[in-house]
Amino acid sequence: MLAAVAHRHPPPRAQLPAALTERERELLAEIATGRSNDEISRCLFLSQATTRTYVSRLLTKLGVRDRAQLVHLAYESGLVPAGRR
């Protein structure tokens with residue numbers, strides 16, 4: 001019975017702060033797909049130092065402690081749909 005009620009009323013999605021720039025959202029999506037800093041740097045044409053800075057700023061802005069929580073937030077917010085690679 002609880003499953004039927006839960007199905008009708010899915011939990012609200014997490015919200016990403018409006019203060020995130022488009023580039024930060026792009027980088028967060030890349031992190032959520034499991035890419036390393038080196039892979040993100042090459043994909044987005046950034047230096048490795050810039051990529052590390054973006055990751056650090058995302059952790060601070062979103063109030064999370066590690067990449068795993070960034071991934072979780074990216075999926076929960078709908079930034080990255082399930083199954084994207």
Side-chain angles (χ1 to χ4, degrees):
M1 177 181 241
L2 289 177
V5 172
H7 180 68
R8 281 186 260 146
H9 301 286
R13 291 190 154 210
Q15 294 290 322
L16 292 178
L20 287 185
T21 66
E22 186 60 35
R23 192 61 157 176
E24 288 169 333
R25 288 173 187 274
E26 188 177 17
L27 195 104
L28 180 56
E30 294 298 327
I31 291 169
T33 62
R35 290 202 167 135
S36 68
N37 284 356
D38 185 50
E39 292 169 326
I40 293 169
S41 296
R42 284 185 271 129
C43 178
L44 299 181
F45 304 102
L46 300 170
S47 72
Q48 289 184 2
T50 301
T51 300
R52 284 191 303 272
T53 299
Y54 269 116
V55 172
S56 178
R57 286 184 183 166
L58 282 170
L59 291 168
T60 301
K61 275 188 174 183
L62 298 174
V64 298
R65 68 177 176 269
D66 55 31
R67 288 174 85 101
Q69 288 186 326
L70 285 174
V71 171
H72 178 76
L73 188 57
Y75 279 94
E76 286 296 311
S77 69
L79 178 66
V80 178
R84 179 175 173 227
R85 296 198 113 197

Please tell me whether Asn37 and Arg42 have a donor and an acceptor in their side chains that are separated by less than 3.5 angstrom.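 Not at all, the side chains of Asn37 and Arg42 share no donor-acceptor pair under 3.5 Å.
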Could you grab the distance from atom [atom1] of [X] to atom [atom2] of [Y], nearest 0.5 Å is fine?
| X | Y | atom1 | atom2 | result |
| --- | --- | --- | --- | --- |
| Arg67 | Leu58 | CZ | CG | 10.0 Å |
| Ile40 | Glu26 | CD1 | CD | 10.5 Å |
| Asp38 | Cys43 | CG | SG | 11.5 Å |

Taking Glu24 for its side chain and Thr21 for its backbone only, find out whether a donor-acceptor pair lies under 3.5 Å.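 Such a contact is found between Glu24 side chain and Thr21 backbone.
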Do the side chain of Glu76 and the main chain of His72 share a donor and acceptor less than 3.5 angstrom apart?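 No; judged by distance alone, with no hydrogens or angles, the pair does not exist.
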Determine whether [X] and [Y] make a side-chain contact, defined as any pair of heavy atoms from C-beta on separated by less than 4.5 Å.
| X | Y | result |
| --- | --- | --- |
| Arg57 | Leu62 | no |
| Leu59 | Gln69 | no |
| Thr51 | Leu44 | no |

Is it true that Glu22 and Arg25 make a salt bridge, defined as a side-chain N closer than 4.0 Å to a carboxylate O?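 Answer for the salt bridge query: no.
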Qualifying residue, where the test is side chain to side chain contact (heavy atoms under 4.5 Å, CB included) with Val55 and the options are Leu28, Thr50, Ile31: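 The side chain to side chain contact (heavy atoms under 4.5 Å, CB included) with Val55 is passed solely by Ile31 among Leu28, Thr50, Ile31.
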Tell me the closest heavy-atom pair linking Tyr75 and Val80, and the distance in Å.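 Taking Tyr75 first and Val80 second, the nearest heavy atoms are CD2-O, 3.3 Å.
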For Val71 and Ala32, work out which heavy atoms get closest and say how close.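 Val71 and Ala32 have their closest heavy atoms at CG2-CA, 3.8 Å.
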Sequence neighbours left out, what passes side-chain contact (heavy atoms from CB on, under 4.5 Å) with Ala49? Give chain and number order.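 For Ala49 the side-chain contact (heavy atoms from CB on, under 4.5 Å) partners, ignoring immediate neighbours, are Ser47, Arg52.
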